[in-house]
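Okay, so here's the structure we're looking at.
These figures come from a predicted structure and were not determined experimentally.
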Amino acid sequence: HWRMSRGPSGTCVARGLFYQQSAAMSTLLINQPKYAWLKELGLSEDNDGVYNGNWGGKGEVITSYCPANNEPIARVRQATMAEYEETVQKSRDAWKVWADIPAPKRGEIVRQIGDALRKKIKVLGSLVSLEMGKIYVEGVGEVQEYVDVCDYAVGLSRMIGGPVLPSERPGHALIEMWNPVGLVGIITAFNFPVAVYGWNNAIALICGNVCLWKGAPTTPLTSVAVTKIVAQVLEQNNLPGAICSMTCGGADIGTAMSKDERVDLVSFTGSTHVGKMVAMMVQERFGRNLLELGGNNAIIVFEDADLNLVVPSAVFASVGTAGQRCTTTRRLMLHGSIHDVVVERVAKAYKQVRIGDPWDPSTMYGPLHTKQAVDQYLAAIEQAKQQGGTVVCGGKVMDRPGNYVEPTIITGLAHDAPIVHTETFVPILYVLKFQTEEEAFAWNNEVKQGLSSSIFTKDMGRVFRWLGPKGSDCGIVNVNIPTSGAEIGGAFGGEKHTGGGRESGSDSWKQYMRRSTWCVNKINALCQITPHWNISVCSTSLWQTLYHSLNTAM
């Protein structure tokens, strides 16, 4: 990082660091021929981390590292608080332009954003893989989600509407109208550095909002690259770039957004711990928030399940993205009659998972995102052992460059063991043994999070009990498919400590808008004098008489 101090003349100097960075420049991955494709995204050794129609960044300089080898990729200059203030003001000014554009024409801009992303999908997916650590096909798939949401939003831009309701007052019309909230602040996490922004951005835009994005501090290059693609579309259409602003930064920027009354909606994706703090800051100013927080997701396997479906589903959901999805399966609940055989088969499958460089097409499992995550992995395994668990597969840090750990299976823990009720964002699967349906459903619901859940069974009665009011209490309730993954057509999110937010499909667009109930006097629209009386205590004839008198007097 730049360490600034005052020189004798009062000017800022960087003590020695300039020379260190110049000497280290050749070691950056972006300067190696193997990674020359990074420059196709407009990236360089040093990148501006602020965009509000103009690029800038006068704050702390951070280096982005590749989790697969812990080598530096490139640097980003974060936003200062002064730049944050400037960006918010420019965003609000841009909203005055954007809100006047008809929704279908806003949809056309979003369509162009989707097309621009399509042209860069492979190279941008490669960056996600390089900077976040997920395998290449998942990186490309994440960009595809943004593209798909753009397509969804284009259609939605011609469909947003409210009902015309029957009024109990003669000659009146009751109309439900939706308008944009204004400025949407989007704070995203490292594990989906493209898709989560896309879910919010595309829908918020067609609703008539402008966006201010703060991505994760550990994936700043992805934030910059995506913003460059979006900014080019806006600029080509002679629109203010501040419609889609970005400020790279840490907790200072996130806190400012949460406390800022000019930010009409804060959409936060991350841990429950931080999400709670964001929610309290936003609520303190009576603001709006949309929270997508943690998940402690379970797969429940009954004695009649098709194990040929169960085994690959459990493996995919527990080791995919190296256990760093909010929908990752963390608890595998097995009926006692099939417990041992399923554990044996899943453990065998774990040992066949191809581990390697995430940008190698044959790799199925990459590194953890940071060294801190490796420490959390080791700590969780130690706690599980202390609480009675047995490691049947994995459990070690791998002896190779990067943040690689073995995908791990632990059996023998009680369903309510503290570590089982803790969401550790690493590839550890806790296997629990149950005997009855009531027991399994209760265990699924007893954790504080309520994101995703799955059962495997052929009993249709059980399926409908699982889907019903006494079944799963999660926002995503699956049958004979794993917990991970979601479709953009259905609203994504969860209950309880997952935050209650919903993004992408269904009627999630309503969270980006404010609802007004209009009542229009069709008899005489010029006369808006209405007594502030409760209509329920006044007869229709009385109202007709009052209006007749008022109209006669006028």
Side-chain angles (χ1 to χ4, degrees), residues 1-7 10-25 27-31 38 41-67 70-91 127 130-132 185-190 193 197 212-228 231 242 245-260 263 266 268-271 274 277-278 281 369-373:
H1 301 318
W2 288 97
R3 300 188 183 277
M4 307 303 294
S5 61
R6 288 286 169 185
T11 58
C12 285
V13 296
R15 292 184 174 177
L17 195 56
F18 174 79
Y19 304 103
Q20 295 173 22
Q21 288 187 335
S22 297
M25 188 174 293
T27 66
L28 294 173
L29 294 185
I30 196 170
N31 290 320
L38 287 167
L41 293 166
L43 299 175
S44 58
E45 294 91 347
D46 290 284
N47 301 274
D48 292 331
V50 177
Y51 179 73
N52 53 30
N54 296 306
W55 286 94
K58 300 177 182 177
E60 182 181 14
V61 175
I62 59 171
T63 302
S64 179
Y65 290 88
C66 172
N70 282 321
E71 294 183 19
I73 305 171
R75 293 181 290 266
V76 175
R77 292 180 291 270
Q78 294 185 321
T80 63
M81 289 310 301
E83 289 175 311
Y84 166 79
E85 289 291 330
E86 177 189 20
T87 301
V88 170
Q89 186 56 54
K90 285 189 174 182
S91 297
L127 172 59
L130 182 70
E131 188 175 40
M132 184 272 153
I186 304 170
I187 303 174
T188 59
F190 74 87
Y197 175 64
L212 171 57
W213 182 20
K214 189 198 89 68
T218 52
T219 55
L221 296 174
T222 301
S223 298
V224 171
V226 170
T227 300
K228 284 181 178 291
S245 297
M246 177 197 67
T247 50
C248 290
D252 57 339
I253 299 296
T255 298
M257 291 172 67
S258 301
K259 292 183 176 181
D260 196 335
V263 180
V266 176
F268 174 84
T269 301
S271 70
V274 178
M277 293 190 290
V278 169
M281 286 186 284
H369 185 55
T370 63
K371 294 179 180 179
Q372 290 78 11

Which residue pairs satisfy the side chain to side chain donor-acceptor pair (under 3.5 Å) criterion with at least one member in residues 250-259, sequence neighbours excluded? none
Non-hydrogen atoms of A242 and S91 that approach each other most closely: O-OG, 3.6 Å
N/O donor-acceptor pairs under 3.5 Å from side chains in residues 212-228, not counting sequence neighbours:
residue, atom, partner, partner atom, Å
W213, NE1, T188, OG1, 2.9
K214, NZ, G249, O, 3.2
T218, OG1, H369, NE2, 2.8
T222, OG1, E131, OE1, 2.6
T227, OG1, S223, O, 2.8

Between the OG1 atom in T370 and the CE atom in M132, the distance rounded to the nearest 0.5 Å is 9.5 Å
Distance check, rounded to the nearest 0.5 Å: C66 atom SG versus L28 atom CG? 12.5 Å
If the condition is side-chain hydrogen bond (donor to acceptor under 3.5 Å, both in side chains), which residues does T87 pass it with, not counting sequence neighbours? N52
Can you name the residues that form a side-chain contact (heavy atoms from CB on, under 4.5 Å) with N70, not counting sequence neighbours? K371, N403
Kindly compute the distance separating CD1 (I187) from OH (Y197), expressed to the nearest 0.5 Å. 13.0 Å
Rounded at 0.5 Å granularity, tell me how far CD in E85 sits from OG1 in T80. 9.5 Å
Apply side-chain contact (heavy atoms from CB on, under 4.5 Å) to the pair M81 and I253, showing each step before the final yes or no. CA-CA 7 Å; M81 289 310 301; I253 299 296; 3.9 Å; yes
Hey, could you give me each pair passing salt bridge (charged side-chain N to carboxylate O under 4.0 Å, His left out) that has a residue in residues 47-56? Not counting sequence neighbours. D48-R77
By salt bridge (Lys or Arg N to Asp or Glu O under 4.0 Å) - contacts of K90 (at least two apart): E86
Sequence-distant partners of Y84, ring pair (Phe, Tyr, Trp, His ring centres under 6.0 Å), two or more places apart: none
Please answer whether the main-chain N or O of G57 pairs with a side-chain N or O of E83 as donor and acceptor at a distance below 3.5 Å. yes
Taking all non-hydrogen atoms of both residues, which atom of M257 and which atom of G185 are closest, and how far apart? CE-CA, 3.5 Å
Mind checking side-chain contact (heavy atoms from CB on, under 4.5 Å) for S44 and listing every partner two or more places apart, or none if nothing turns up? N47
Pairwise side-chain contact, L38 with L130, heavy-atom cut-off 4.5 Å (strictly under): yes
Set of residues satisfying side-chain contact (heavy atoms from CB on, under 4.5 Å) with respect to E71, sequence neighbours excluded: L29, Q32, N69
